[in-house]
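If you read the sequence from its start, that first residue is 1, and numbering goes on from there. Just so it is clear, the values below take in all heavy atoms, side chains as well, and ignore hydrogens, waters and symmetry mates.
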Amino acid sequence: MPEPALILIVDDTLDNLRVLTGILKQEYRIKVATGGEEALQLARAATPPDLILLDIMMPVMDGHEVCRQLKAQEETRDIPVIFVTAKTHVDDETLGLALGAVDYILKPISPPIVLARVATHLRLARFLRESRQITLETRQHLAHETLARTHAEQVRQRIQEGKSALMPLLGTSLKPLSLHEQLDAALHIISTLPWLSIQSKGAIFLADADGSMILMASKELNSQQELICSHIPFGHCLCGQAIQTRQVIYSNRLDEHPGVTCQGEPGQGHYVLPLVDGNRVIGLMRCYVREAHEPQDEELDFMEELAHVLGEIVSRRVLESKLLVSRYELERNQRLIINKLVTAAELRDNETGLHILRMSHYSAIIAGHLGLSDEEQEMLLATTPMHDVGKIGIADSILLKEGKLTDDEFAIMKTHTLIGGQILTGNTPLLVMARTIALTHHEKWDGSGYPHALRGEEIPLVGRICAIADVFDALTSARPYKTAWSVERAVALIQEQSGRHFDPKLVNTLMAALPEILHIKGLYGTNAQTQDGIGFLSSLPLSETDSPLWNDRLFIGVPMIDEQHRYLFKLLHHLEQTLEQHFAILDICRALTELESYVEFHFDQEEAFLRQHHDPDYTAHKERHQAFMIQINHLWSSERENAYLAGVKLVAFLKEWLLRHVMVEDMQIRRCLTCTP
């Protein structure tokens with residue numbers, strides 16, 4: 001068994017040396033150096049390191065000079081150097097790469113990233129050494145075997161081309177690619193080898209714990225092929241056989257292997273590559289060859305090496321997905337904690353939680369019309385509910401006063417913006433935006449607002465957006481001290497205040513976004529139920545964004561609930577499209593969060609309707625809702641080790657559950673139309 005690779009870690013800070021040594025010592029032999037001269041001596045030793053992790057900022061001789069001297073000497077020039085540094089400027093990275101470094105790892109370091117980068121570049125270095133060795137051996141062979149010169153040269157070229165093709169493929173592991181993009185990159189790279197005759201057509205599957213392979217990414221497969229390949233049991237067909245044997249399989253036609261055929265799929269030469277991570281099968285890749293291709297002996301060796309490389313890359317993608325989900329959940333938990341403060345503030349105010357929901361959605365819609373990114377829109381959706389969190393610090397005698405506030409009382413009330421700013425102090429993007437909104441949502445375009453009398457574009461854009469969204473919803477909502485204004489009257493006032501209270505550009509944007517805003521107002525309406533139980537919410541015409549699952553058979557006869565159901569199916573369709581199109585983990589998390597959030601809101605509304613009409617199924621219906629929330633959280637938690645698979649399973653579960661719940665259980669709500677409250 002070969003010795004583990006030798007890693008030289010160079011850093012003048014002992015703590016950094018200890019951290020990196022602790023990360024790497026389980027898999028590699030370690031040497032350390034605290035300065036440039038010592039590093040050069042160890043690099044020239046009889047047993048040189050296989051890779052060097054090099055700090056840049058060191059006294060006497062910095063990392064750039066060490067790298068320059070290493071690359072200037074023949075005995076050390078081929079040792080891969082990875083800079084480990086806190087310097088993030090593009091010029092620093094450009095200089096380091098120009099000097100011959102192969103990569104950068106930024107401090108503070110992430111253990112999974114360090115291990116992945118080290119493994120990748122050790123493998124690249126080994127490929128280079130193997131390629132040179134193969135070239136040397138081939139030349140020696142040609143000198144002694146003249147008659148075999150032509151064939152040997154062809155073999156050498158193919159092996160060299162194969163190794164060269166794998167190097168850029170390994171390079172893709174350093175890029176943030178989805179599984180679809182990874183498949184496309186792999187097919188593009190290997191299809192450039194003319195002797196391999198690979199088409200730009202294939203698929204990637206991931207292994208599920210239930211003993212089956214689930215199709216995760218495909219290119220140029222027809223709908224029939226995708227349907228057949230969507231869920232393959234281990235041992236079934238060539239794909240399942242490759243998983244069981246952990247060996248690359250090639251077949252000229254699908255029917256060459258009795259008992260392992262895929263009925264309905266046209267016969268075509270193809271390779272099946274099992275993707276293995278240690279002792280665990282994580283998936284497989286299937287790729288197709290061109291017609292009339294005659295496979296050569298060296299092809300199988302290359303495809304086995306390709307399977308190994310892809311196994312490492314896909315394993316890394318799965319690990320990255322887990323880290324991204326953990327980061328997203330951390331941010332989401334932070335939002336939940338802050339929202340507890342918001343809830344506490346709401347309990348002491350006359351405003352409702354639905355006001356918070358509506359105005360946050362209005363803000364995100366306005367931001368979208370202004371061209372803000374999806375991430376910025378999502379951040380607004382998360383932070384605008386915190387705009388009045390400072391009211392938690394206002395005395396009840398002022399906050400809950402029914403009459404007009406005195407000047408002194410109003411001065412105290414205005415301090416809720418400053419209190420909110422103090423509560424939301426922090427360095428994360430979420431808290432920075434939330435604090436900005438809390439401090440500035442009462443500023444006015446003409447400078448007459450508070451707390452700092454900012455004027456015009458001195459007011460941050462997010463504060464201006466929140467202000468107009470907040471006022472529009474406040475005007476059009478009923479409160480204990482006032483009736484709801486009509487939309488027309490509210491719009492007229494906002495237009496009148498253009499250039500005074502509100503940014504004129506945002507007034508125009510609000511007008512352009514009004515149809516979407518009014519739909520959200522209906523979906524999250526406070527008057528969604530009239531006394532006779534028939535919702536006032538008007539139904540928008542079906543559009544391309546609605547789910548193909550939605551149809552007339554799903555209407556239960558209560559407009560409010562019907563429109564909420566349709567919106568749930570629309571959100572589910574959006575989640576499904578996100579999975580099909582690019583499998584971006586954060587996009588999946590966002591779509592799932594939006595769907596889950598609206599499910600909870602819908603359940604509350606539906607239960608309120610049943611309770612209002614004394615429906616005998618109310619308790620059982622509520623228990624079914626609670627069981628669903630428990631089940632969806634359990635499914636996500638049990639599958640979060642592989643977020644790609646979790647997304648596919650969640651969509652399948654949600655589609656089945658929503659259809660059954662609406663068509664069977666919610667259809668019973670129709671009897672409420674004849675109930676007497």
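Contact annotation: the side chain of Leu128 never approaches that of Asp78 to less than 4.5 Å [non-hydrogen atoms, C-beta and beyond]. Inter-residue side-chain proximity for Val102 and Leu124 is flagged as unmet; no heavy-atom pair is nearer than 4.5 Å. Between Leu53 and Ile82 there is a side-chain heavy-atom pair separated by less than 4.5 Å. Between Pro49 and Ile79, some side-chain heavy-atom pair lies under the 4.5 Å cut-off. Ile7 places none of its side-chain heavy atoms less than 4.5 Å from the side chain of Leu20. A heavy-atom distance below 4.5 Å is found between the side chains of Pro274 and Val248. Within the 4.5 Å cutoff, side-chain heavy atoms of Tyr28 are placed close to those of Leu122. Annotation: side chain of Ile632 is in contact with side chain of Leu654 (closest heavy-atom distance under 4.5 Å).
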(request) Please step through side chain to side chain contact (heavy atoms under 4.5 Å, CB included) for the pair Val84 and Asp11, ending with a clear verdict. (result) CA-CA 9 Å; Val84 183; Asp11 200 305; 5.7 Å; no
(request) Run the numbers on Leu70 and Val81 for side chain to side chain contact (heavy atoms under 4.5 Å, CB included), then give the verdict. (result) CA-CA 9 Å; Leu70 287 170; Val81 175; 4.0 Å; yes
(request) Step by step, work out the side chain to side chain contact (heavy atoms under 4.5 Å, CB included) result for Val32 and Thr21. (result) CA-CA 8 Å; Val32 299; Thr21 299; 3.9 Å; yes
(request) List the steps and the verdict of side chain to side chain contact (heavy atoms under 4.5 Å, CB included) for Val314 and Met285. (result) CA-CA 10 Å; Val314 173; Met285 175 180 174; over 6 Å; no
(request) Check step by step if side-chain hydrogen bond (donor to acceptor under 3.5 Å, both in side chains) holds for Glu65 and Gln69. (result) CA-CA 6 Å; Glu65 181 58 28; Gln69 293 194 28; 3.1 Å; yes
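Taking the six-membered ring where tryptophan is involved, the planes of Tyr271 and Tyr250 are tilted, since the angle between them lies from 30° to 60°.
Atom CE of Met303 and atom CD of Gln247 lie 14.5 Å apart (nearest 0.5 Å). Leu115 contributes atom CG, which lies 5.5 Å from atom CD of Glu27 (distance to the nearest 0.5 angstrom). Remark: Cys287 SG to Lys201 NZ distance equals 11.5 Å, nearest 0.5 Å. The structure places OG1 of Thr383 at 10.0 Å from CD of Glu378, a figure rounded to the nearest 0.5 Å. Taking CG of Leu95 as the reference point, atom NE2 of His64 lies at 4.0 Å (rounded to 0.5 Å). Glu305 CD to Leu273 CG: the interatomic distance, rounded to the nearest 0.5 Å, is 11.5 Å.
Panel note: side chain Asp62, backbone Met57; no donor-acceptor pair is recorded below 3.5 Å. With hydrogens and angles ignored, the 3.5 Å screen pairs a side-chain donor or acceptor of Arg117 with a backbone N or O of Tyr104.
Counted within 6.0 Å of NZ on Lys107, heavy atoms from surrounding residues, nucleotides or ligands total more than 12; the atom is thus considered enclosed.
Taking a cutoff of 4.0 Å between a charged side-chain nitrogen and a carboxylate oxygen, Glu38 and Lys31 do not qualify as a salt bridge.
When all heavy atoms of Leu284 and Met213 are compared, the pair lying nearest together is N-CE, 3.8 Å. For the residue pair Ala39 and Val10, the shortest heavy atom distance occurs at CB-CG2, 3.6 Å. Residues Lys71 and Arg77 approach most closely at NZ-O, 2.9 Å, considering heavy atoms. The two residues Ser200 and Lys219 make their nearest non-hydrogen contact at OG-NZ, 2.7 Å. Across every non-hydrogen atom of Asp50 and Pro80, the tightest pair is O-CD, 3.2 Å. Asp55 and Thr85 get closest at one heavy-atom pair: OD1-CA, 4.4 Å.
Here Arg435 pairs with Leu424, Thr425, Leu439 under the side chain to side chain contact (heavy atoms under 4.5 Å, CB included) rule; sequence neighbours left out.
Inspection of the Glu37 and Gln41 side chains reveals no N or O donor paired with an N or O acceptor under 3.5 Å. Side-chain N/O atoms of His308 and Glu312 include a donor and acceptor closer than 3.5 Å.
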